[in-house]
Amino acid sequence: MHKFEKGAAIVLAGDLRSTFDAVDDALVAGSRMFGSLIETAHNGKVPPAQSQTIFSSVASGLTSLIGVRGDFVEAAKRMNVIKRGSNLNVVDLGCDNPLEVFTEASAPVHQQPQAVA
């Protein structure tokens, strides 16, 4: 069994939340910038052949940020798995998955059922 100091775990949980906030803030800012870019290029009559490269670059950057966010999600899952096998198993650090279905880091995320038409 791993033994962790509660204070260190609380700091780590706070840092993890701050990291998610920072990535989400970057996604919001980047998405807004992308919208402004599209609008500016459209209103400025920038030819599609010229704007396409810029749009692709920005979209790639946003996709990369989403990938980074996913990597942090996987890291958080792994941390929670380790925590559950430690002396802090019963301590709520505010970052456990409320579904408590993960027994390993690669556990699938449950998707919402599709509405029937």
**OP:** Could you list the residues that satisfy side-chain hydrogen bond (donor to acceptor under 3.5 Å, both in side chains) with Asp71, not counting sequence neighbours?
**Re:**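 side-chain hydrogen bond (donor to acceptor under 3.5 Å, both in side chains) check on Asp71 returns nothing, list empty.
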Original post:
How would you list, by chain and number, every residue that makes a ring-ring contact (aromatic ring centres under 6.0 Å, His included) with Phe4, sequence neighbours excluded?
Top reply: His2
Original post:
Which ring pair (Phe, Tyr, Trp, His ring centres under 6.0 Å) pairs, counting each pair once, include a residue from residues 9-28, with sequence neighbours left out?
Top reply: none
**OP:** Among residues two or more places apart or on two chains, list those pairs meeting side chain to side chain donor-acceptor pair (under 3.5 Å) that have a residue in residues 23-48.
**Re:**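 Sorted pair list: Asp24-Arg69.
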**OP:** Determine which pairs satisfy side chain to side chain donor-acceptor pair (under 3.5 Å) with at least one residue from residues 46-58, sequence neighbours left out, and list them in order.
**Re:** Gln52-Ser56
Indicate the atoms forming the closest heavy-atom contact of [X] with [Y], along with that distance.
{"X": "Asn87", "Y": "Met1", "answer": "N-SD, 3.6 Å"}
{"X": "Leu27", "Y": "Leu62", "answer": "CD2-O, 3.8 Å"}
{"X": "Val23", "Y": "Leu65", "answer": "CG1-O, 4.0 Å"}
{"X": "Met79", "Y": "Leu16", "answer": "CE-CD1, 4.3 Å"}

**OP:** Taking atom CZ of Phe34 as the centre, report whether more than 12 heavy atoms of other residues, nucleotides or ligands fall under 6.0 Å from it.
**Re:**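 Count over threshold, so yes.
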**OP:** To the nearest 0.5 angstrom, please state how far the CD1 atom of Ile82 sits from the CG atom of Leu88.
**Re:** 12.0 Å
Original post:
Is Met33 linked to Ile66 within one hydrophobic cluster, defined over Ile, Leu, Val, Met, Phe, Trp and Tyr using a side-chain heavy-atom separation of less than 4.5 Å?
Top reply: yes
